[in-house]
Amino acid sequence: MILNIPLAVSLFLYFLTRPYFFSAMINRIAGTVLGIYLIHDNNLMRTLIWDYIFPNLDYIHSSYYVLFYIGKVFAVFAICSIVELLRKRYVERPLLAALDRCWPSLRRAACAVRARRG
């Protein structure tokens, strides 16, 4: 465990000194990673995904277990990524647009309440 800190610092400095890289597709997929984590780490979804849809025990003695494992991780990532992208487009955007329309009146109401208090 003594090598963890120097290794982490070395990796940080390595990526810090690399030339700048930008890819819209990579950034879009990277923006879904937290949503993917939250989807598949939920107790209900974890049981559904890993025990019912992709059970490990059925394939553990198969010669294709590694291929199955890599395929199921990719499939879960892809499906959860699509769900997250759809959530961002059809839930988050309209919600933020509605909030932008209502924000001036909400701000005035908050300022009026604050003025009455003090």
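Within 6.0 Å of CG on L99 lie more than 12 heavy atoms contributed by other residues, nucleotides or ligands. Sparse packing is recorded around CH2 of W103, with 12 or fewer heavy atoms of other residues, nucleotides or ligands lying under 6.0 Å away.
Looking only at side-chain heavy atoms (C-beta outward), L44 and L48 stay at 4.5 Å or farther from each other. The shortest distance between side-chain heavy atoms of L16 and L13 falls below 4.5 Å. Using a 4.5 Å cut-off on side-chain heavy atoms (C-beta onward), R28 and L85 make contact. Side-chain atoms of S105 and R108, non-hydrogen and from C-beta on, do get closer than 4.5 Å to each other.
Interatomic distance, CG of L86 versus OG1 of T32, reported as 11.5 Å (0.5 Å rounding). Separation of atoms CD1 (I5) and OG (S10) is listed at 11.5 Å; rounding is to 0.5 Å. Rounded to the nearest 0.5 Å, atoms CD1 (I36) and CD (E84) are 7.5 Å apart. Atom OG1 in T47 sits 11.0 Å away from atom CD1 in I53 (nearest 0.5 Å). Between the CZ atom of R87 and the CG atom of L38 there is a distance of 9.0 Å, given to the nearest 0.5 Å. Taking CD1 from I49 and CD1 from I79, the interatomic distance works out to 8.0 Å, rounded to the nearest 0.5 Å.
Following chains of ILVMFWY side-chain contacts shorter than 4.5 Å, one cannot reach V73 starting from V66, and the two form parts of different hydrophobic clusters. Transitive grouping of hydrophobic side chains (ILVMFWY, heavy atoms separated by less than 4.5 Å) brings Y69 and F54 into a common cluster.
Contact between V76 and W50 at its shortest, heavy atoms only, is CG2-CH2, 3.8 Å. Considering every non-hydrogen atom in both N27 and F22, the closest pair reads ND2-CE1, 3.0 Å.
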| request: Starting from the C-alpha separation in whole Å, work towards a yes-or-no answer on side-chain contact (heavy atoms from CB on, under 4.5 Å) for I29 and F77. | output: CA-CA 10 Å; I29 292 171; F77 187 88; 3.9 Å; yes

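No donor-acceptor pair closer than 3.5 Å links the side chain of K88 to the backbone N or O of V83.
Using cut-offs of 30° and 60° on the angle between ring planes, the pair H40 and Y37 is perpendicular.
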